[in-house]
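Notes follow the structure.
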Amino acid sequence: MDIDRPSDPQVSVVSSDGTMFHTTLKSILLSGTIKDMIEHIGEGGVENMGAIPLQNVDSKTLEIVIKWIEHHKDNIQPTSEEIKDKTADFIDPWDENFLEMDLDKLYNLITAANYLNIPQLLWLSTRKIAMLIKNRTPQEIRSLFNIEDDWTPQEIEAVQKENQWCEEK
Amino acid sequence: MDKLNEYNLLDIFSYLDGESLKKASLVNKSWNRIISSNAATMKKLKLSIFPEDYKFNKKRAFSKKQLEVFTMLKRKYKNAILDEARINRNIIPKFKNQFKYLCQLEIINCELTEAAYKRLLISLVTLEKLIMVDSILLSTNAKESDKHSIELPSLKSLVFANSSWRFIQYIGKTKLQVLKIHHNLFNEIGVNSVKQFLVQQSSTLKELAFRVNSASIFKIFDSNELKELRLSQFALTLFDLNQNTLQSVDNISDFLVLQKESLQHFETGSSLPETIYECIFSKLQVKSLTLPANFLPNQLLFYNAIRRNEHLKKLVLLNELKEENVLIGMLDLFNKIEELYIQHMRLFEHEVCERIFQKIVDLNHLKILKIPFLFPSAEATIPTLKTLQIEEFVESQSFENFVINQRNLENLAVKWIDGDLTESIETVSAQLHLLKKLSFGSEFIPTIRLIEVLRNNCPKLRVIELLKNEAEPITEEVLRVMNESMLHVYTYSSVNAMKIFDECKTVWDFEEDNYAIASLNTDMTMQNIVNEFEDETDNEDMDFYDEDDFDFDDDDNFDFDDIEDFEMFMF
């Protein structure tokens, strides 16, 4: 935890299962959702503001999120518009390492990043899944993500036939 | 994976390239649905670029949506669609390499900033056809002096429907041959923009079509300014028109007389001022004429004039016929025509239809006939008839009676089939020894027996066109027999079926400019669109519109040669 400075007051958040986490204002403002909430009460009120309840994020996931926002609190965050236009794929090695987690945690992280509106974290985590899908066959994707194959042989044949035209020559 | 909702999945899919996306779409039904139904809306900028060989090539028809998903970016693209996109100047350079080879571009429901539009025009050096529908050119604070026009060196065809008039103000010199304008708000700005544009393009323009709601259209035809213009096809349709507000009608007579030597085809879908009819029929010698059957002029002068036109070879009647006597009288006068298309004749009694049909049968120069349905007129023969298109097959008796007597028939097409056609085709084929091509516009698959009968009866038959039928595809067996008979089978989608059967609309080829049609059928006026747009922007981030002065030099910052990167942006 960072040393408290007057410019970066401490803020508390509570997970859906009731665990309280302490972090700093600067970190938590990376979340667009919380930023909106805090802006409504005004900067002066932050010191006296109680813990912020986050009903859609459980404690395990919140811990991960807080780890990430505290690491990135001094970085300039891209807006979601900028992320949409993002074409370069440079990933901070710290982030790469940070994202090494099991799929279940990753899904929770996506949901949380989405709810908390942290564009960069959402980008990293969805991209991570996209990279897992990339260049894999449908069967590999199914077994990796434990997805049930609900096609009948006739259906899959029809769909494949429909796609044939776009095969590279 | 169940924890993620559709939006999360969409986010994930948006990072995939075309090949991976294609594989992902095969994982399960819900992924397939999400990918194929959202490809179009995943991004606010939806750019679909069709592969070079994209066309309904009869053998393989596929939907545009599929193409959007699986666009392969490694080819040189000939066709592109910008649909529901908001385009600012930063976007265009990203697609610069793709635009470089474009032949056709459709801009539909887009909002472009002026700077973006200018950049776009500059990159379209090979563009031959430009279609603009329901699009808006956003106004910036550009100085009037900055509005220099940009040359489109290859442009041959422009279709412009319900979009900001300022779009055409920016187009400079072209090789334009075809200009089609549909507009619900043809105001003074429109008049001036179009006039100026026409003057600029007048040395090359051959085909001109207007569908507008204002009589101020006539102000455009100033024969002094347009004295270089020589049209071969001209279409003019006025809708929602108040006859009392007609202005400068005389302009157009003078203008039309100038076209006397060149004009081959005239077309209208509405009633027009008498002056125009008089001019068309007494002063011009058109070869082909398209008229609205519900607004046939019944002035004597029209018919007296028509009698003198020996050149007329083709007559197309749009819409529902109202007065059968006018039509019967016309066919009497036009007894030398070689092509006749009648779109509808539902409203008439049986006897009236019979009378009309008798007149048609008497046209002894007729080569091509397109007609809604046939009547049981036995023994009638048109010796010159080579092509027969029937909108609807209802019962076999009238079909067989007529078709069997057309001994010189080479092409036979039936659009809607309600009943058993197999036997009728078998019967008539016994006499149609010259038949070369058979087309069917609704779900019909010939039996093996029919193919064998056709092979024996019609030695020249080479092509059978069928509608693509997902539920009941052609069996291997049928295909084999066809191959043995040296028969080519083309299947096509229902969209294309329309195209095959609706050749009558010559200037406004609606199927070809299919997006333009969509807009023709909405009540949306330009003003509505503008209002809606303004409402919308009130709530939105205005950054988008905040453009710096137009500057070409920073293009290099936006070059994305790397295909991977480009695909990331796409999906």
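Convention: sequence-line order gives letters A, B, ...; per-chain numbering from 1. Remember, predicted model here, so these are calculated numbers, not experimental data.
- Interface summary for chain B: among A:T137, A:N114, A:D149, the most heavy-atom pairs under 4.5 angstrom belong to A:N114.
- A 6.0 Å sphere centred on NZ of B:K29 holds more than 12 heavy atoms belonging to other residues, nucleotides or ligands.
- Scanning all heavy atoms of the two residues, the minimum distance from A:A130 to B:I12 falls at CB-O, 3.5 Å.
- Scanning all heavy atoms of the two residues, the minimum distance from B:L26 to A:W151 falls at O-NE1, 2.9 Å.
- Tested against A:I110, the residues B:L4, B:L9, B:N5 include a single side chain to side chain contact (heavy atoms under 4.5 Å, CB included) partner, B:L4.
- The shortest non-hydrogen separation linking A:I133 to B:A24 is CG2-CB, 4.1 Å.
- The part of A:I147 that comes within reach of chain B is its side chain, from C-beta onward, which places non-hydrogen atoms under 4.5 angstrom from that chain.
- The nearest pair of heavy atoms linking B:V27 to A:R142 is O-NE, 2.7 Å.
- Under the side-chain hydrogen bond (donor to acceptor under 3.5 Å, both in side chains) criterion, A:D95 pairs with A:W68, A:H72, sequence neighbours left out.
- The distance from atom CG of B:N28 to atom CD1 of A:I141, rounded to the nearest 0.5 Å, is 10.0 Å.
- In this structure, chain B has a heavy atom under 4.5 Å from the side chain of A:L122, while its backbone stays farther away.
- For A:E140, no part sits under 4.5 Å from any heavy atom of chain B, backbone or side chain.
- Proximity to chain B is absent for every atom of A:N146, based on heavy atoms less than 4.5 angstrom apart.
- Most heavy-atom pairs under 4.5 Å with chain B, from the set A:Q139, A:E155, A:K128: that is A:E155.
- The CD1 atom of A:I129 sits 10.0 Å away from the CZ atom of B:F13 when rounded to the nearest 0.5 Å.
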